[in-house]
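Everything numeric in this text was worked out from a predicted model, so none of it was measured.
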Amino acid sequence: IDEGEIHKMATMEVLKQHPYLEQDVTHGTRIVSRPSEGYSRVMLVMAQKTLVRRLMQFLVDAKSTVEQIVLGSESLFVWYTHFQKVDETKTVLLANFNSNYLDMIIIRQRDLVFTRGVLFEVDIKPEDPRVLEQIKASIDHFRKEGGQSIDKIIICGSPARLGPLQLKC
């Protein structure tokens with residue numbers, strides 16, 4: 001499957017997965033891996049155009065050159081694989097927590113093998129049992145899909161939000 005074909009399939013998926021009009025959403029794809037001939041694991045990222053424009057304007061106003069914006073799970077993946085020392089023998093779960101959203105990814109040998117996001121209906125604290133429940137649910141789901149055990153968990157987020165849970169990341 002070529003990149004153009006993947007883009008067409010992603011566009012159809014975007015239209016099915018969100019409640020917004022097509023002109024109000026932007027999306028991008030990244031081929032994560034090609035496990036076998038004719039198959040590709042693809043990450044699909046979609047966002048409201050107004051959000052992306054606001055982020056780009058912020059960078060332009062700061063006199064920054066904008067070449068690319070990465071959001072959500074992809075930004076967590078890029079941060080970890082490009083800016084952290086990666087032990088390629090380990091399977092790592094990164095959980096990025098903010099006030100009402102938990103973004104989780106699992107990386108094995110520099111490959112993104114699982115992502116999951118959880119939106120909580122209200123702001124919660126990281127020590128709320130629901131946070132740990134969702135991390136455990138993600139690990140269980142990953143294992144059911146044939147994933148191996150998790151060697152390391154890194155919890156990231158605003159130091160003000162994480163408080164006593166803060167880890168250097």
Side-chain angles (χ1 to χ4, degrees), residues 6 9-10 13-14 16-19 25-36 39-48 51-52 54-55 58-59 67-169:
I6 289 172
M9 291 188 309
E13 195 63 30
V14 166
K16 291 189 318 188
Q17 295 292 330
H18 67 80
V25 176
T26 185
H27 71 280
T29 58
R30 178 184 299 258
I31 297 174
V32 177
S33 66
R34 295 185 188 265
S36 61
Y39 293 91
S40 298
R41 291 186 66 132
V42 177
M43 179 188 332
L44 169 63
V45 177
M46 50 188 155
Q48 288 180 276
L51 170 67
V52 175
R54 196 175 322 132
L55 289 171
F58 174 78
L59 294 170
E67 293 180 22
Q68 179 182 24
I69 291 181
V70 292
L71 305 169
S73 298
E74 185 179 16
S75 64
L76 195 55
F77 174 71
V78 169
W79 168 78
Y80 184 73
T81 57
H82 287 77
F83 299 108
Q84 301 301 307
K85 183 177 181 198
V86 177
D87 181 346
E88 297 197 14
T89 65
K90 304 284 185 205
T91 300
V92 178
L93 181 144
L94 280 88
N96 187 33
F97 177 78
N98 70 36
S99 60
N100 70 337
Y101 191 74
L102 180 63
D103 194 3
M104 296 166 282
I105 66 172
I106 298 177
I107 300 170
R108 181 179 50 233
Q109 299 175 342
R110 292 194 174 273
D111 288 333
L112 181 64
V113 295
F114 180 87
T115 74
R116 180 169 178 252
V118 177
L119 180 64
F120 297 101
E121 62 280 353
V122 295
D123 285 1
I124 62 172
K125 298 198 179 303
E127 60 270 15
D128 187 301
R130 292 176 288 179
V131 174
L132 186 56
E133 287 170 13
Q134 292 301 326
I135 291 172
K136 287 180 179 178
S138 294
I139 292 169
D140 290 344
H141 186 73
F142 173 67
R143 286 184 179 151
K144 285 178 188 168
E145 286 186 350
Q148 58 196 52
S149 64
I150 304 297
D151 299 306
K152 184 177 185 179
I153 297 174
I154 299 173
I155 300 174
C156 301
S158 164
R161 294 287 311 158
L162 293 179
L165 293 178
Q166 182 180 354
L167 302 174
K168 184 177 180 185
C169 52

Calculate, to the nearest 0.5 Å, the distance between atoms CG and CG belonging to Leu51 and Leu55 respectively. 5.0 Å

Show the numbers, then the answer: is there a side chain to side chain contact (heavy atoms under 4.5 Å, CB included) between Val122 and Asn100? CA-CA 6 Å; Val122 295; Asn100 70 337; over 6 Å; no

Look only at the side chain of Asp103 and the backbone of Asn96, and say whether a donor-acceptor pair between them is shorter than 3.5 Å. no

Given 3.5 Å as the limit, does a donor-acceptor pair link the side chain of Arg110 with the main chain of Thr81, or not? yes

Hey, are the side chains of Leu94 and Trp79 touching, using non-hydrogen atoms and a 4.5 Å cut-off? yes

Report, as yes or no, whether the 6.0 Å neighbourhood of atom CZ on Phe58 holds more than 12 heavy atoms from other residues, nucleotides or ligands. no

Report the distance from atom OG1 of Thr29 to atom CD of Glu74, rounding to the nearest 0.5 Å. 9.0 Å

Tell me the closest heavy-atom pair linking Ile107 and Phe77, and the distance in Å. CD1-CD1, 3.7 Å

Exercise answer: donor-acceptor pairs, residues 143-156 side-chain atoms, under 3.5 Å, sequence neighbours excluded:
from   : atom 1 : to     : atom 2 : distance (Å)
Glu145 : OE2    : His141 : NE2    : 3.0
Gln148 : NE2    : Thr91  : OG1    : 2.7
Asp151 : OD2    : Thr91  : N      : 2.7

Which heavy atom of Arg116 sits nearest a heavy atom of Gln134, and at what distance? NH2-OE1, 2.6 Å

Taking every heavy atom of Tyr80 against every heavy atom of Val92, the minimum-distance pair comes out as OH-CG2, 3.6 Å

Within residues 128-141 or reaching into it, pairs that qualify as salt bridge (Lys or Arg N to Asp or Glu O under 4.0 Å) - sequence neighbours excluded: Glu121-Arg130, Asp128-Arg130

Is any side-chain heavy atom of Ile139 less than 4.5 Å from a side-chain heavy atom of Ile135? yes

Kindly indicate whether the side chain of Phe142, heavy atoms from C-beta on, has any atom under 4.5 Å from the side chain of Arg108. yes

Reported CD1-to-CG distance for the pair Ile124 and Asn98, which is rounded to 0.5 angstrom: 10.0 Å

